[in-house]
Structures are given as structure tokens and as C-alpha cells.
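One structure is given here, and the rest of the page talks about it.
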There are 2 protein chains.
Amino acid sequence: MTIADPAGAALASLTGARALVARTSTAERVADAVRNEVVEGRLRPGGRLPEQALSHALGVSRNTVREALSQLVAERVLVREPNRGVFVAVPDAEAVRDVYRARLLIEPAAVREGERADDPEAVGRLRAAVREGREAAARDDWPGVAGANQHFHRALVGLAGSARLDQQMGLLLAEMRLVFHRMTSVREFHEPYLDGNDAITRLVESGERERAAAEVASYLRTAEAQILAAFANL
Amino acid sequence: MTIADPAGAALASLTGARALVARTSTAERVADAVRNEVVEGRLRPGGRLPEQALSHALGVSRNTVREALSQLVAERVLVREPNRGVFVAVPDAEAVRDVYRARLLIEPAAVREGERADDPEAVGRLRAAVREGREAAARDDWPGVAGANQHFHRALVGLAGSARLDQQMGLLLAEMRLVFHRMTSVREFHEPYLDGNDAITRLVESGERERAAAEVASYLRTAEAQILAAFANL
DNA sequence: GCGTAAGAATTGCTCAACAATTCAGCAAGA
DNA sequence: TCTTGCTGAATTGTTGAGCAATTCTTACGC
């Protein structure tokens, strides 16, 4: 890379842009559309997704629909029952316990030992999620608060600095959204965490990672108990 | 469920066997076959997997192959390049670091806080993996030692008692097998861990979870450094 | 009311086709 | 020599039709 080749550096910096050039495949877009319908709650847990209906509704072939559905089954957003079809997953109490066992391991550890726990950018995402939640609450947008809450926990795991962990947490949180759809009173559930998240963020910002991790664990345990209680009388 | 209905209990206990009866779908079996070829090293990292060739070789339609390949792409075993095809993943140094960031968070935490860390069955799996490794070493079966090593780390995560975490670790370990295929000297790499795994298992068995977790973290860091060093001069 | 057997609908999978894209090779031009 | 442009072959992405197997529905007979 010499001065005689001034474009070299610029070209090298473009290699990463390949992903932007290649537009997403149809199957991927179908998967995104269906996933959205599910996590937004427009498709109820337990609801059925007939291939032909989707094919017609989205204007793509049944094979493409099939490919998209398989992907969502792998993500645990949908469940496939052989020869019967795919359904929106209906998480049960055991699923909740399982997810929280995983979260209780990952999230506090990410706060306590995360390599990026003092990286201003990563910590800034915590702060941003807190602000997002407060703003949503200010305009009585409780689904918005719920979304901000998810962003907060995503940011917590982001402190670990592992893309694979981030992705896994995305799946766990998508599953949690299904859980919330089985519950009433979204507001009562999410509102108390506004202050909690703020407190955790402050602890992280001031470097008190051990205490922050303990807070995270405590909040997770509280949330799990609350959800399981709501499931019990259902 | 009365005495007048003696088959009731037996029948009820079979409901879980449905997954066994409903034999796996063709796409799933294709995915298993290809995944095996990859993790066993018969398909080299970077190697290409043309759909038509697979379709012909396995005697299934191209659409079914496609479904299987998509699944494996989601598992990070394969990589899809739009309009070019799917290739066996070639993990780079950054992938190694990412995987170890995740493992360093999950595995020590599972040992330290896992709900099943004193469940004899879960701990027994650790002991079994250690024995498996020693037996493989005794007959100079170094791929066997590598496999036992993976079983050991799987068992470590099993202490957490979360199916979702178990699954995630399965993916991470599959990716690690791809990493090993880029390295020579399987023996030199895996042999030292026979004693280490034994030591960790003893610590878990005697309830010294904090020390066991520290050992796990230490061994993971050593392994990562070793792999990255091997990658450096490649 | 209850089991049951035809009939309809859906899934799992295959086959064939076609446009779009990539790629190797080659020829023309600077 | 190196780059550019073109052409043809191969592969992917997607579609559509079709069929056996399974499940669901419904109407029937007892």
C-alpha cells in the first residue's frame, strides 16, 4: 500500500460493506415479518400458522414460507408439531424457570467480569436504555417500557463483549416476550424496574461491579418469582 | 388413574416418547449427516457444499437440502454467501476470542452457582467424561480424548440445569471443533487437560465450588492462549 | 351419546423450471 | 502487462405443481 496506490486503504475499508450490498433473501424477510407479528403480540401464543395461508398472504411460495418457518422454529419462537403444523410457542412455567436459570448465570457474570464493563460505549447503551424507558413511561407507553427493559438487559449482556452471547440473549428475550403476552398488566410488571435499572446503571458507571451484579441477580430473581406467580393463577 | 385402568400410568409416561416415535424429518437427518461430516473433519473448513451435489449424494430433493443447510448456517457450522453458496465455516482468531469470552462467563458461573452442582447425576457426568478421556488416552485415541473433553465441558454447563444453556454450549463446542481442525497436534493440545479435568471434578465432588470455578477459568484462559498462539503462526 | 368410517385439509417432500447472479475464460484495448 | 468488456456455463434463489401420508372434520350408524 504505497502512495502510488492511494485507493488501497479505502478499498480495504470496504470489504466489510459487503453485507450491506447483498440484500436480504426473501426467506429472511418472511422470517422477520412473522417474528415481528409474534413478538408484537399480533399472533397469539398457541396460534397456528398454516403454510398456505402465509404463502398467499405474503405473496411468496410455500417453499419459501417453509424455509422461514424452520428458522423461527430453531429460534424457539415457533413450535413444529410433525404433520400438524407450526404454532406460536406457548412457554410454560418450566420454560420460564429454564430461561431464568440461564439469565441468572449470564447477566450477573457479564456485569461482574465483562471485558467491556468499563467501556464508555457499552455502558452508554445501559444509560440509553434507562432513558428510553423513562421517556416511554412519561407518555404512558407501557409496551415501550417493556421494549426498553429488553434493551437494558441486552445492554447488560453486551458488557461481556461477545457477539455469540448477544445473539443468545436475543433469543432468550424473544422468548420472554411470548411469556409477557400470556400475562396481563404489562404496566404493573415493568414499571418497578425503571428505578432498578437506573440504580444498576449508576453502579456500573461508578465501577462497583460486584454490587451491580448482585443487584442484577436480585432483580432477576424477583422478576422470575413474579412471573411464576402470575402463571400459577392462570 | 385407578386400578381399573392399570395401563393409564404406563401410557401417560409414554407421552414424552412421542419425539422418539415421530422419526426425525428428512431435513433434520440431512442436517445431522452434514454436521457430522463437518465436525468429524471429513469436510474441510472453507470447503464448499453445492446443493445439487448434496441432493444427489444423499438422495433427497434440493429443497430439503436447502432447509438442512439453512439450519446449519444458523448453527454457525456453515456460512452462506448470497448467490455463491454455503461453505464450511472458517473460524478466525476473533471467533476464538468471542467463543472464549462466552465460555469464560458461562462455565465458571455454572460451576460456582449451578443449581445442580451438587446433584449426583449431574456431577456423575463430569466423572464419566473424565473416565472416557482416560480410556481414550489409554488406547491412543486422541480424537476420542478430544471428544471426551467436549463432553466434560458440556457436563460443566449441565451443572447449571438449563436446557437452553446446554444447547448454546453445544453450538459453541461444535464451533470449537472447527477450530481444532485448523490446528495440528491434536494430542499435544488435549492431553494436558486429562489431569486438569480430573482435578476440577474432584473439587466439584467435594463441594469446593469456588475453587473449582477458578480452576475452570484458569484452564479456559490457558486453552485460549494456546489456540491463539497456534493461529498466529499459520 | 359414542365410536367410527368416509371426505377434506394440511403437511412433508419431490420434481421441474426460470430469472438473477457469479465466475472462468478469452478477446480487445491502453 | 494490466485492465476492461464480453460470453457462456454453472449455481443459487424462488416459484409452482403435484403426491403420499397424516390429521382433522363430519356425518353416519349403533
Side-chain angles (χ1 to χ4, degrees), chain A residues 1-2 4-8 10-11 14-15 17-34 43 46-74 77-89, chain B residues 4-5 7-8 11 14-15 17-34 43 46-74 77-89:
Chain A
M1 214 156 315
T2 70
D5 180 23
L11 287 181
L14 277 178
T15 56
R18 187 182 184 111
L20 294 175
V21 174
R23 71 170 168 284
T24 73
S25 77
T26 307
E28 216 168 320
R29 270 173 291 147
V30 169
D32 289 346
V34 174
L43 287 169
R48 192 171 172 195
L49 301 179
E51 300 178 353
Q52 199 171 5
L54 284 176
S55 163
H56 191 270
L58 299 173
V60 300
S61 90
R62 195 158 75 90
N63 274 326
T64 303
V65 168
R66 200 148 228 291
E67 220 167 296
L69 293 183
S70 295
Q71 163 118 16
L72 295 174
V73 167
V77 172
L78 306 180
V79 173
R80 163 163 278 140
E81 300 191 17
N83 290 313
R84 289 190 10 93
V86 301
F87 304 80
V88 180
Chain B
D5 176 25
L11 288 179
L14 278 177
T15 56
R18 188 188 182 103
L20 295 176
V21 173
R23 103 170 123 273
T24 70
S25 77
T26 307
E28 218 167 319
R29 269 172 291 146
V30 170
D32 290 346
V34 174
L43 288 169
R48 192 169 172 197
L49 301 178
E51 301 180 351
Q52 199 171 3
L54 284 177
S55 163
H56 191 268
L58 299 173
V60 298
S61 90
R62 195 158 75 90
N63 275 325
T64 302
V65 168
R66 198 149 228 290
E67 213 171 306
L69 293 182
S70 294
Q71 163 105 22
L72 296 174
V73 168
V77 172
L78 306 181
V79 173
R80 160 163 281 138
E81 299 191 18
N83 289 314
R84 290 191 7 94
V86 301
F87 303 79
V88 179

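The sequence lines fix the lettering, A, B, ..., with proteins before strands; numbering per chain opens at 1. All values reported here derive from a predicted model rather than from experimental measurement. Only heavy atoms go into these numbers, but all of them, side chains included; no hydrogens, no water, no symmetry mates.
If you take CZ of B/R66 and P of D/dT14, they are 7 Å apart, rounded to a whole angstrom. If you take CZ of A/R62 and P of C/dT14, they are 13 Å apart, rounded to a whole angstrom. For the pair A/L54 CG and D/dT15 P, the computed distance is 13 Å after rounding to whole Å. What separates CZ of B/F87 from P of D/dT11 is a distance of 12 Å, to the nearest Å. Between A/Q52 atom CD and C/dG12 atom C1' the separation is 14 Å, expressed in whole Å. Whole-Å rounding puts the A/E67 CD to D/dT15 P distance at 10 Å. Look at CG on B/N83: it is 16 Å from P on C/dA19, rounded to the nearest Å. Between A/E51 atom CD and C/dG12 atom C1' there is a gap of 8 Å when expressed in whole angstrom units.
Nearest heavy-atom pair across A/E51 and A/V65 is O-CG1, 4.1 Å. In terms of heavy atoms, B/V34 sits closest to B/L43 at O-CD1, 4.5 Å. When all heavy atoms of A/S61 and A/S55 are compared, the closest pair comes out as C-OG, 3.8 Å. What you find for B/Q71 and B/A31 is that their closest heavy atoms are CG-CB, 4.4 Å.
For D/dT14, the OP1/OP2 oxygens have a side-chain nitrogen or oxygen of A/T26 closer than 4.0 Å. The side chain of A/T64 contributes no N or O atom lying less than 4.0 Å from OP1 or OP2 of D/dG13.
In the set C/dT10, D/dG13, D/dT11, D/dG13 carries the atom at the smallest distance from any side-chain atom of B/R80.
Take the nearest nucleotide of DNA chain D for B/L49 and for B/N63: the residue whose nucleotide is more 5' is B/L49.
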